[in-house]
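Some notes on the structure that comes next.
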Amino acid sequence: MLLESYLQDIWVAPSAAGSNAVDVHDAVTGGTVCRVSSQGLDLAGAFDHARRAGGPTLRALSFHRRADLLDALATAVRARRDELYALSARAGATLNDARYDVDGGIRVLRDYAARARTELPDAPHLVEGPAERLARGDDFLGVHLVSPSPGLMLQVNAFNFPVWAPLEKLAQALLAGMPSVVKPATPTAYLTEHLVRIVTDAGALPPGALQMVAGSVRPALGLLGEQDVLSFTGSAATAATLRTHPDLVARSVRFNAEADSVNAIVLAPDVTPGSPLFEAFVREVVTEMTVKAGQKCTAIRRVLVPREHEAAALDAIASELAGITIGDPTAEGVRMGPVVSLAQRDDIRQAVRKIARSGRFVHGDPEKVRLIDADPDRGAFLDTLLVSADPDAAAPHEVEPFGPAATVLAYRDTAHATDLVARGRGSLAASVVGDDLSWTTAFLQDVAPWHGRLHLLDSTNMAQTTGHGSPLPALRHGGPGRAGAGSEMAGTRGVVDLMQRTALQASPRLLDTLYAAPPSPAVESL
């Protein structure tokens, strides 16, 4: 079955896939799910439709009316989320994994809708004040006007969150008055395609506000202009290639990247093995290794522990991993399914072997796995892989096994721990676990510049934490250096980041008209 794309408000198939089509396989059984190609698709027409139809309609709406669109989206997806759960199993997701993706996307939509109504005006634009006096009198003032850009967002998404990722980016783009063209990753494109069908079946968005391309959009990069945004999620290598694309550079196309990173968790010296906080630390590591089979950009890859607690940490983590049941994600009792594809499985095997050269496997074998209701020769299954490695070796800080794998690294002292964390060259997230406030505050001063988010876990918040790997709509998601130097979410700050801030020098009478801009018509009248 050739996967269709949704362009110019209709579903279209590629003209002639031929040898350009890519087969997508079921992660559990190895059977073919669909074929993906963008050959013959009118991408120039799709981009033009977004700018001419979707953009003007969205820009005419106030922030509050755009929030209504997000609520309509959330209602449509929630009504048919069971269909997305079922499809997610074909990509290796357990029901818990699918909820993380699907329900997480719904929550982001609801959160942004609520924030828009409380933090943004019922107007199409935002005036940042108060006004600045620019002369001796009061008749020449300055403010900053934040207005929608007359462009589009091209989303290039990763395979691991085929529902949450497009919805999270769409939430910000719609509130900013910007239409989206979504390019899903090929291994899970069928999930994003079904999501878009749910949205279009419900008529939740105006024409041109959302389009989807199944297959490559590389030829379309030259179609992006000065008012457009390219929002990329994927590997650091691909991000580097896109960042230097000649057309993007020549037109100063806004580029936002969320790339891979070797995220860390650091156990502070004051945490005693066997204590409740130590057990919380172990749970964080095991959760990040096993949710979505470790295929999360925020998952823990490096586990830093004081040298004196290394043996206890290895024993405790390995013991928890031994209880993780692996197999068909729909089978009763299974806690972890396969990774997304055989190619992904092989990449992870290669990565963990490289890391283990300076140490040893403490739990798991990259070649063997005990399964429930599944065939190891057909499905992309891996055991949970825990490695103990030389902390000063290069591989643990440079190689990311994007799957159910983590490496324990023993540090000598605080300076050594700080240095090890920084060797990741920039990460999306890190956790620090400890009750010694003076140690934690001093430590975070050194490691904060290397991270987009720090999750600081202690005995007072460990019962309420949302976890190391959970990006939240209110907070910035992104990271410096290797992590892409991008930024997503961050509440209404993220919406404003997609808009144009213009300094206005004007009279009070003109500025008053901007502050008093009337609300736009209700969404139902579109």
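Computed from a predicted structure; not experimentally measured. Basis for what follows: all heavy atoms, side chains included, without hydrogens, waters or symmetry-related copies.
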Check: residues 341-348 side-chain donor-acceptor pairs under 3.5 Å, at least two apart:
unit_1	atom_1	unit_2	atom_2	d
Ser341	OG	Gln344	N	3.1
Gln344	NE2	Phe402	O	3.0

Return all side-chain donor-acceptor pairs below 3.5 angstrom for residues 280-287, not counting sequence neighbours, or 'none' if the list is empty.
unit_1	atom_1	unit_2	atom_2	d
Glu284	OE1	His468	N	2.9
Thr287	OG1	Arg283	O	2.8

Side-chain donor/acceptor pairs under 3.5 Å, residues 305-321, sequence neighbours excluded:
unit_1	atom_1	unit_2	atom_2	d
His309	NE2	Val271	O	3.4
Glu310	OE2	Ser388	OG	3.4

Using distance only, find each side-chain donor-acceptor pair of residues 368-377 under 3.5 Å and give its atom names and separation, not counting sequence neighbours.
unit_1	atom_1	unit_2	atom_2	d
Asp375	OD1	Asp377	N	2.8

* I would like to know whether Lys296 and Phe161 meet side chain to side chain contact (heavy atoms under 4.5 Å, CB included); could you show each step before the answer? => CA-CA 8 Å; Lys296 295 193 303 175; Phe161 284 98; 3.8 Å; yes
* To do: Please test Leu457 against Ser431 for side chain to side chain contact (heavy atoms under 4.5 Å, CB included), starting from the C-alpha separation and ending with a verdict.
  => CA-CA 7 Å; Leu457 190 64; Ser431 285; 5.9 Å; no
* **Test log, rule side chain to side chain contact (heavy atoms under 4.5 Å, CB included), inputs Leu456 and Leu444** => CA-CA 9 Å; Leu456 308 176; Leu444 73 87; 3.6 Å; yes
* To do: Report the C-alpha distance between Leu154 and Val213 in whole Å, list the side-chain angles of each, state the deciding distance to 0.1 Å, and finish with yes or no for side chain to side chain contact (heavy atoms under 4.5 Å, CB included).
  => CA-CA 10 Å; Leu154 174 60; Val213 181; over 6 Å; no
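Smallest separation of non-hydrogen atoms from Trp164 and Gly104: CD1-C, 3.2 Å. Here the closest heavy-atom approach between residue Ala98 and residue Tyr85 is recorded as CB-CD2, 3.8 Å. Considering all non-hydrogen atoms of both residues, Gly327 and Pro338 come closest at O-CD, 4.1 Å. For Ala389 against Leu409, the heavy-atom pair with the smallest separation is O-CD2, 3.7 Å. Here the closest non-hydrogen pair linking Asp435 and Ser459 is OD2-OG, 2.5 Å. Nearest heavy-atom pair across Leu498 and Met178 is O-CE, 4.0 Å.
Remark: side-chain polar atoms of Thr298 are not paired, donor with acceptor, to backbone N or O of Ala429 under 3.5 angstrom. The main-chain N or O of Leu175 is found under 3.5 Å from a side-chain atom of Arg66 such that the two form a donor-acceptor pair. A distance-only check finds no donor-acceptor pair linking the side chain of Thr418 to the backbone of Asp446 [under 3.5 Å]. Under a 3.5 Å cut-off, the side chain of Arg501 and the backbone N or O of His144 do not form any donor-acceptor pair. Judged purely by atom type and a 3.5 angstrom limit, Arg476 has no side-chain atom pairing as donor or acceptor with the backbone of Ser487. Under the 3.5 Å distance criterion, the side-chain polar atoms of Thr118 are matched with a main-chain donor or acceptor of Ala114. With Arg482 contributing its side chain and Ala259 its backbone, the two residues share no donor-acceptor pair below 3.5 Å.
Judged as a salt bridge (Lys or Arg N to Asp or Glu O under 4.0 Å), not a single pair has a partner in residues 325-344 (not counting sequence neighbours). For residues 437-459, the ring-ring contact (aromatic ring centres under 6.0 Å, His included) pairs, not counting sequence neighbours, are Trp439-Phe443. Within the structure, salt bridge (Lys or Arg N to Asp or Glu O under 4.0 Å) pairs that include any residue of residues 416-431 comprise Asp392-Arg423, Asp419-Arg423 (at least two apart or interchain). The salt bridge (Lys or Arg N to Asp or Glu O under 4.0 Å) analysis of residues 447-467, with sequence neighbours excluded, yields no pairs. Contacts classified as salt bridge (Lys or Arg N to Asp or Glu O under 4.0 Å) and involving residues 80-90 (residues at least two apart or in different chains) are given here: Asp26-Arg90, Arg80-Glu83, Arg80-Asp201, Arg81-Asp103.
Legend: residues meeting side chain to side chain contact (heavy atoms under 4.5 Å, CB included) with Ala171, ordered by chain and number and at least two apart, are Leu70, Val108, Leu109, Tyr112. With sequence neighbours left out, the side chain to side chain contact (heavy atoms under 4.5 Å, CB included) criterion links Ala214 to Leu3, Ser5, Val36, Met212. Taking Glu279 as the reference, nothing meets the salt bridge (charged side-chain N to carboxylate O under 4.0 Å, His left out) condition, with sequence neighbours excluded.
Summarising the geometry, atom NZ belonging to Lys292 is positioned 9.0 Å from atom CZ belonging to Phe159; distances are rounded to the nearest 0.5 Å. Between Glu258 atom CD and Leu428 atom CG the span is 5.0 Å, to the nearest 0.5 Å. Rounding to the nearest 0.5 Å places CD of Glu168 at 4.5 Å from CD of Glu488.
A salt bridge does not link Arg301 to Asp260: none of the charged side-chain nitrogens sits closer than 4.0 Å to a carboxylate oxygen. Arg117 has a carboxylate O that lies under 4.0 Å from a charged side-chain N of Asp68, or vice versa, which qualifies the two as a salt bridge.
There is no side-chain donor-acceptor pair under 3.5 Å between Thr32 and Asp23.
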